[in-house]
Protein chains: 2
Amino acid sequence: MQNTTLKKISEILGISISTVSRALKHHPDISLKTRQKVIDLAETLDYEPNASAVQLRTKNSKLLGLMVPTVSNYFYETFISAVEEDARKQGYSVMILQSGNDPAIELDNLKLFRQNRVSGVFTCLSSSTTDLKGFERMREMDIPVVFFDNVPDVSGIHKICMADEKSAQLAAELILQHPYQSILAIFGNPQLSITKKREAALQQAFQSHPNIQLLIEHAHNSDEARTISNSMLNKHLPDIIFCMSDEVLIGVLKTIQEKGLRYPDNIALLTISNGTIPKLFHPQITYIETSGEKMGHLAFSHMLDCINGNADPKELLVDALLVQGGSL
Amino acid sequence: MQNTTLKKISEILGISISTVSRALKHHPDISLKTRQKVIDLAETLDYEPNASAVQLRTKNSKLLGLMVPTVSNYFYETFISAVEEDARKQGYSVMILQSGNDPAIELDNLKLFRQNRVSGVFTCLSSSTTDLKGFERMREMDIPVVFFDNVPDVSGIHKICMADEKSAQLAAELILQHPYQSILAIFGNPQLSITKKREAALQQAFQSHPNIQLLIEHAHNSDEARTISNSMLNKHLPDIIFCMSDEVLIGVLKTIQEKGLRYPDNIALLTISNGTIPKLFHPQITYIETSGEKMGHLAFSHMLDCINGNADPKELLVDALLVQGGSL
DNA sequence: AACATTTCCGCAAACCATTGCGGAAATGTT
DNA sequence: AACATTTCCGCAATGGTTTGCGGAAATGTT
C-alpha cells in the first residue's frame, strides 16, 4: 500500500488538497458534511501526516534532542525515561544521542540535532568539554538548550541541577549527628560541576569542626573508587565513607565486601544516589536522593516553557532528600 | 542568524540552487573552481542541510526507531547504547520511545515512527501485546522491523534473540556438575517469549535426572521474586536458586541478605544476566551472559542488511556464555 | 427582485533540497 | 572555418503540507 497523502484523499473525494487539510484540523471554513467525509476517508485510509513535510512547512518539529555521555547509566536512564514519558504525553518525540564523553562527537551530535530541526535540546555536558561554541550555535538558531546534571559554569543559560550544595550539607548534618571522627569522602571526576559543588559544600560544612578528620579523594570510575578505598582502608579505617555517586559507591562496596567488613558495624556508609544501587543491598544504604526522574520531569516542563517563550535563563534545583537506610 | 539554505548560498554567489546542491556533493558536472567557492562559503556560513527537506525529497530518512518497554532497565540500556553507537558511525540517528508495556502506547509509538518516516524499527514487544496489526502496517509501508529480546512467536519476521535454550542448557550443565539435589528456579513473566523458552529448556535438561528436585516459580518483578524466595526459603532450603533474569536476581539477593545467608556456603546462586548486577556483589554471582551490547550490535548490522534489502526474515541468536563468579 | 452577508471552498505560493534534461559556452577536430 | 565534443550550469518539476487571499454559491434582508 502506498502512503496516504492529502492529495490522494482529495482526488478520491474530488475536492482540493487545501480543503482536505483544513477539514482534518477542524477548520471552521469547512462544512460539517465535507469535514466528516474527509475524516472518515482519512481514517479508513490510515492517513498519517508526513512529519517531514509538516516540519518543512511550519518550521516546527515535534522532536526533542537529548544527549548524554552514555545511555547506559543508572542516573541518565531514569532521566531519559521521565523525559520521554512526559514528551509523549505532549506529542513530542525524543531523539537520543550519546557523546561518549567525547567533545568531538558532542559537536557532531549537536549538528545532527540542528539538521533535524529539533525544537529543543536536553544535554548533560561531556566531562571534558571546555568549548561551548557548539551550544552558541544552537542559541543562534533559537533552539533552546536545557543543561542538566553536569552543566557549564556560566550564567544566562537554562540549567537543571541537583541541589548539590544542599545534598552535601544534608550529608554533613547527618554525619555530625553521629560521633564519627574520621571521614573518607570519595568524589568523582574533579572536572565535573557536580563534583566541585558537592566537594566545596562538604568541606565548608566541616570547616567549623576541626576535630573531625575529613579525607578527600577522587575516583574517575568504579574501579578507581575500589582501588582507592582499598588502599585507604589498608592504612586506616575511617568511621564512615561518604560516596559522591553510585559509581563511587559501587567501587567502595566492592572493597567492603572483599574485606569482609560489615556496615554499619565496622564502618558506616553514606552516598548520593538515585536509589537503585543502595536498594540492592541489605541493610539498605542510606542515601541522599538525586532523582533522575524528578530532574527529568522538571527539565521537561522547563523545556516546554522555553519553547513557548516564557522562561528566562535560570538555574532550577531538584530538591535533595534524605532516604534512611541502615548503613549509618 | 537565519538558517543557511542552498538558496541563500546561490544568491550570494550568483549561481543557481542546483549548482550549489551539486557542488556540495562533488558532482562531476560542476567545475572545480565553482565547487570550491561553494564549499568554502557553505563552510563559513555553517550550512547544514535541512533533514526534513532531504527526507521529503528522497524518501530516505537517516532515522531509526527504537522502542522498549522502558529505557530504565539494566538490559535495554546497554542494547540502546550499542545501537546508538553503531548508528552514529553509519550516519543514522535513533529515535527512542517507550511503550511502558502498554499495547495502546505501543501502537501510538509505531504511528509516530511512521509519521517520522523512520528507515527501520527495533522493538522489544510489550509483555501484554497479543495483536501484531500495528506491525503489519509497518511491513505494508516497507519499514523493516527487527524484534529483539521479547519477540512474537511467529515466523517470517526478523528477530534477534538470546540463545535462550542454550543459556538454560548451560545453566543446567553447570548445576549438574555439582551435587545439588534441590533446585529453586524463579522465572519472570510467563507470557514472555524468553520466559517460555528458558523454562522449557531448563525443564527439558532435568528430565533425565528425576532424582533432582526442580521447583519452578514465576515472579513479575523484583518484589515478587523477593516474596516468593522468602516464603520458599522459610519452608525449605534448596541447594541452589536459579534466576532467569536480573530482576529476579535482585529480589532473591534481597531475601538472601535479609536472612543473613551466605553464598555459596549456605546456598548457591546462578543467574542469567548482562553482568551489571552480578558484578556488584562479592563473591561475584556466576551468570550466563545475555549481553545487551552484543545483541545491539547484531541487531544493528542486521538492520543495515534489511535496509539494503539483502536480509531474509530470520531469527539470529546471540551466543550464550558462562561467566564464572563465586556463587556456586 | 435587487442587494448585502455569510458559508464554503480552491488557487497558488512557500518551505528546502534533489535531479532529469536541455542548452550555452568552451574546447577539440578536420 | 565549419563542425563535433566536451564541460559546465540552469530550468523546472517534485515531494507533502500549510495558509493568505479571493471568489462562487448559498442564504438573508428589504
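In the text below, chain A, chain B and the rest are named by the order of the sequence lines, each starting its count at 1.
Closest non-hydrogen pair, Asp149(A) versus Ser193(A), comes out as O-OG, 3.7 Å.
In this entry the distance linking NZ of Lys59(B) with P of dT14(D) reads 13 Å, nearest Å. The CG atom of Leu6(B) sits 19 Å away from the P atom of dG15(D) (whole-angstrom rounding). Across the protein-nucleic acid pair, His27(A) atom NE2 and dT7(C) atom P stand 14 Å apart, rounded to whole Å. dC9(C) atom C1' lies 12 Å from atom NZ of Lys37(A), rounded to whole Å. The CG-C1' distance, from Asn60(A) to dA14(C), rounds to 16 Å in whole Å. Here the P atom of nucleotide dC9(D) and the CG atom of Leu24(B) are 14 Å apart, to the nearest Å. Here the P atom of nucleotide dC9(C) and the CZ atom of Arg35(A) are 10 Å apart, to the nearest Å. Atom-to-atom, CD1 of Ile30(B) to P of dT19(C) comes out at 13 Å; the value is rounded to the nearest Å.
The main-chain N or O of Lys7(B) is found under 3.5 Å from a side-chain atom of Ser10(B) such that the two form a donor-acceptor pair. For the pair Asn109(A) (side chain) and Gln98(A) (backbone), a donor-acceptor distance under 3.5 Å is present.
Taking the ring centroids of Phe122(A) and Phe148(A), they lie at or beyond the 6.0 Å cut-off.
In this model, no donor atom of one side chain and acceptor atom of the other lie less than 3.5 Å apart for Ser18(A) and Ser21(A). Side chains of Ser72(B) and Thr70(B): no donor on one and acceptor on the other come within 3.5 Å.
Side-chain N/O atoms of Ser21(A) include none lying less than 4.0 angstrom from OP1 or OP2 on dT19(D). Between Tyr47(A) and the phosphate of dT17(D), there is a side-chain N or O to OP1/OP2 separation shorter than 4.0 Å.
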Response to the item:
Base-pair string, DNA chain C, Watson-Crick plus G-U, cut-off 3.5 Å on both distances, | for inter-strand, is ||||||||||||||||||||||||||||||
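Each of dC9(D), dC16(C), dG15(D) was ranked by its minimum atom distance to the side chain of Asn50(B); first place goes to dC16(C).
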Atom pairs under 3.5 Å: protein N/O with N/O of nucleotides 10-13 of chain D:
residue: dG10(D); atom: OP1; partner: Ser16(B); partner atom: N; Å: 3.4
residue: dG10(D); atom: OP2; partner: Ser16(B); partner atom: N; Å: 3.0
residue: dG10(D); atom: OP2; partner: Ser16(B); partner atom: OG; Å: 2.8
residue: dG10(D); atom: OP2; partner: Thr19(B); partner atom: OG1; Å: 2.1
residue: dG10(D); atom: O6; partner: Arg22(B); partner atom: NH1; Å: 3.1
residue: dC11(D); atom: N4; partner: Ser18(B); partner atom: OG; Å: 3.1

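Among the protein residues, Ser52(A) comes within range of no part of the nucleic acid, since none of its heavy atoms lies under 4.0 Å from any strand.
Counting only residues at least two apart or in different chains, salt bridge (charged side-chain N to carboxylate O under 4.0 Å, His left out) contacts with residues 110-128 of chain A comprise Arg114(A)-Glu48(B).
Here Asp312(A) does not pair with Lys314(A) in a salt bridge; the nearest charged N to carboxylate O distance is not below 4.0 Å.
Here CD of Glu140(B) is found 6.0 Å from CZ of Arg137(B). Values are rounded to the nearest 0.5 Å.
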